[in-house]
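Numbering of residues begins at 1 and proceeds along the displayed sequence. Model, not experiment: these values are computed from the prediction.
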Amino acid sequence: MATRTDARRPTRPLIRLKVSLLDTDPEVWRLLELDAALTLDRVHEALQIAMGWRDSHLHLFTDTDPHERPRRGDGVLGGPRRWMTDADLEEPEGLPETEWTLGQVLTKETSPLFYEYDFGDGWTHRLEFVEQLTGPAAEPVAHVERGERRAPPEDCGGSPGYAELLDALADPGHERHQELTEWVAATVGPWQPFDPDRLDVDAVNRELALRFPVPDDDGPAAAPPDAPPLVAALVERVPAGLRPEFRSYVRSAGLDAPRAVDPEVAARMTAPYRWLIRRIGADGLALTAAGWLPPAVVAEAMDEFGWDERWIGKGNREEWTQPVRRLREQAQRLGLVRKLRGRLVLPAVVRKLRDDPAELWSFVARSLAHKHRHDAERDAALLLALELATGHAGSRDEALWRIAFGLEVLGWQAADGWGLTPDMVRGQVRDTWDVFAQLGAVGDLFGPDAPVPPAGRAFARAVLQS
């Protein structure tokens, strides 16, 4: 039945429709409410989000089931068959979808309408008119009421291929179990792991609200920001069809949490940097003729942090003592120290941070977000921070694989044109990873991988919130 509205408030016509993905068992379906004034190209966008597709193939709308044989009165045998075509089709036929609205082509009398997506896999959606509604103009333009199951993975071979995929994944003894498990991991990616029964209606509606913001009295509304600026910029570079998955992944990082740190935690995490700042002092620290830290200073650092217990050698020559060399190089990259005429000196802003661990912690987070030698390294650093903030990766290798997926989505590729490998990514994140390790934000600097501690996740969030 129609929705009641206040006659004094602006309203809009809505259509409630059921969308069913044909030839799926169990059926994939959604109950949707859409603004009747949406042109079909916008309806296409809503269907992609509602069903969980990635918008990586062509599509079209038609008022005749493409799986049925033409009947008298349909198509060439009779009255005109309406095709509402995608503008990207090389030889479009029929009516442009940008000029026809949902209210014009889907009514009680003309129902059902069909939406075809990916002409190779041949996914056909049946759009059934359920009810004409009138809703407040200030309420969502597109909204999912309920539904079941996610859409199949892209390029899985249509209904027969999807049925085999589900059988193989469910049966470890299936001859293609390992092959298809790896294919799903590589194709679906890490941001929203594949679960055929999963449907998060709230997440879908959040995405629809971002794509279809409600106009206000002053004109079209802009979508509200749903991430800090650095991450929002990444979101905008992700292809539109993958943004819902990426945004879901970003939300799991908890970036809406306050950017704050306990002073004692900050003091513990920044201890090596504060020691180096104090050791350099206001007058600076003279380097050796070869440009290294004096041996006495190297030995002092090794003793201060107990590094000498886990390092082979005398531990007094910086060029041969990796922990101290790494600390100095990190401090320079982060802008904590700089070289000037054979001395290490402190920038004016850093001198004020020596006795304020929380501010130094924030300074390092900001520097880690912004000080990179090139764009690929910056993207890799932000994706690493996202991995650490979410805590999803169980090991360094898994984190590298997940970062590789993100870099490829953002448009980076290997020099030979093939996919990025974890080893390639390792080089892009090495400097950033070393800083996280120095802070104790990831596993032991000298030991194996370990779960990301709460303080590490908080620091990763601070990097992304910078």
Side-chain angles (χ1 to χ4, degrees), residues 191 225-236 246-277 326-327 329-337 347 349-350 352-373 375 377-393 396 399 402-403 406 428-445 449-466:
W191 295 338
D226 61 329
L230 278 176
V231 181
L234 281 185
V235 171
E236 288 304 309
F246 187 59
R247 270 194 270 255
S248 176
Y249 164 68
V250 167
R251 279 193 290 270
S252 70
L255 299 183
D256 54 350
R259 181 182 171 182
V261 60
D262 182 274
E264 292 184 5
V265 172
R268 183 179 71 250
M269 295 180 75
T270 61
Y273 300 128
R274 288 187 297 112
W275 176 87
L276 183 61
I277 291 170
R326 179 183 287 165
L327 173 62
E329 290 175 344
Q330 289 173 9
Q332 286 184 240
R333 283 195 300 271
L334 292 168
L336 294 171
V337 306
V349 66
V350 175
K352 303 175 183 178
L353 302 179
R354 181 178 59 185
D355 300 318
D356 192 338
E359 280 301 313
L360 180 59
W361 185 88
S362 293
F363 181 92
V364 173
R366 289 193 298 273
S367 295
L368 204 57
H370 295 284
K371 289 184 179 292
H372 299 289
R373 289 171 290 193
D375 291 344
E377 187 179 274
R378 177 206 61 206
D379 288 348
L382 295 178
L383 290 170
L384 171 60
L386 271 171
E387 280 302 318
L388 299 179
T390 64
H392 291 329
R396 185 183 307 198
R402 296 165 70 94
I403 293 167
Q428 298 297 324
V429 301
R430 181 180 291 111
D431 291 343
T432 304
W433 186 283
D434 285 349
V435 174
F436 275 109
Q438 191 75 262
L439 293 163
V442 292
D444 191 331
L445 187 61
D449 296 336
V452 181
R457 296 184 67 177
F459 181 76
R461 287 195 293 270
V463 171
L464 297 165
Q465 293 166 334
S466 296

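- To the nearest 0.5 Å, the span separating CZ on R430 from CG on L384 amounts to 13.0 Å.
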Review point. Does the side-chain contact (heavy atoms from CB on, under 4.5 Å) test come out yes or no for Q428 and D379, once each step is laid out?
Key: CA-CA 9 Å; Q428 298 297 324; D379 288 348; over 6 Å; no
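- Listed by chain and residue number, nothing satisfies the salt bridge (charged side-chain N to carboxylate O under 4.0 Å, His left out) test with E359 (two or more places apart in sequence, or in another chain).
- Between L336 and L360, the closest side-chain pair of non-hydrogen atoms falls below 4.5 Å.
- Residues that satisfy the side chain to side chain contact (heavy atoms under 4.5 Å, CB included) test with D375, not counting sequence neighbours, are R378, W412.
- Shown here for L382 and A369, the closest heavy-atom pair between the two residues is CD2-O, 4.5 Å.
- A distance of 7.5 Å separates CH2 in W433 from CD1 in I403, rounded to the nearest 0.5 Å.
- With contacts defined as side-chain heavy-atom distances shorter than 4.5 Å, the pair H372/T432 qualifies.
- Qualifying side-chain hydrogen bond (donor to acceptor under 3.5 Å, both in side chains) partners for E387, counting only residues two or more places apart in sequence or in other chains: Y249, R402.
- Remark: D431 engages R333, R373 in a salt bridge (charged side-chain N to carboxylate O under 4.0 Å, His left out) (not counting sequence neighbours).
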Distance-only check: which donor-acceptor pairs under 3.5 Å involve side-chain atoms of residues 453-466, not counting sequence neighbours?
| residue | atom | partner | partner atom | Å |
| --- | --- | --- | --- | --- |
| R457 | NE | A389 | O | 2.8 |
| R457 | NH2 | A389 | O | 2.9 |
| R457 | NH2 | T390 | O | 3.0 |
| Q465 | NE2 | L255 | O | 2.9 |
| Q465 | NE2 | A257 | O | 2.9 |
| S466 | OG | A462 | O | 2.9 |
| S466 | OG | V463 | O | 3.2 |

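- At least one side-chain heavy atom of S367 sits less than 4.5 Å from a side-chain heavy atom of F363.
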Review item, side-chain donor-acceptor pairs of residues 260-268, under 3.5 Å, at least two apart:
| residue | atom | partner | partner atom | Å |
| --- | --- | --- | --- | --- |
| D262 | OD1 | E264 | N | 2.8 |
| D262 | OD1 | V265 | N | 3.4 |

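- The CG atom of D434 sits 11.0 Å away from atom CG of L327, with the distance rounded to the nearest 0.5 Å.
- With rounding to the nearest 0.5 Å, the separation of CZ in R274 from CG in L353 is 11.5 Å.
- Proximity of V350 to V337: side-chain heavy atoms (C-beta onward) are nowhere separated by under 4.5 Å.
- No side-chain N or O of Q438 forms a donor-acceptor pair with one of Y273 less than 3.5 Å apart.
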Practice item. Report the C-alpha separation of L386 and F246 in whole Å, then their side-chain angles, then the decisive distance to 0.1 Å, and conclude whether the side-chain contact (heavy atoms from CB on, under 4.5 Å) test is met. Key: CA-CA 11 Å; L386 271 171; F246 187 59; 3.9 Å; yes
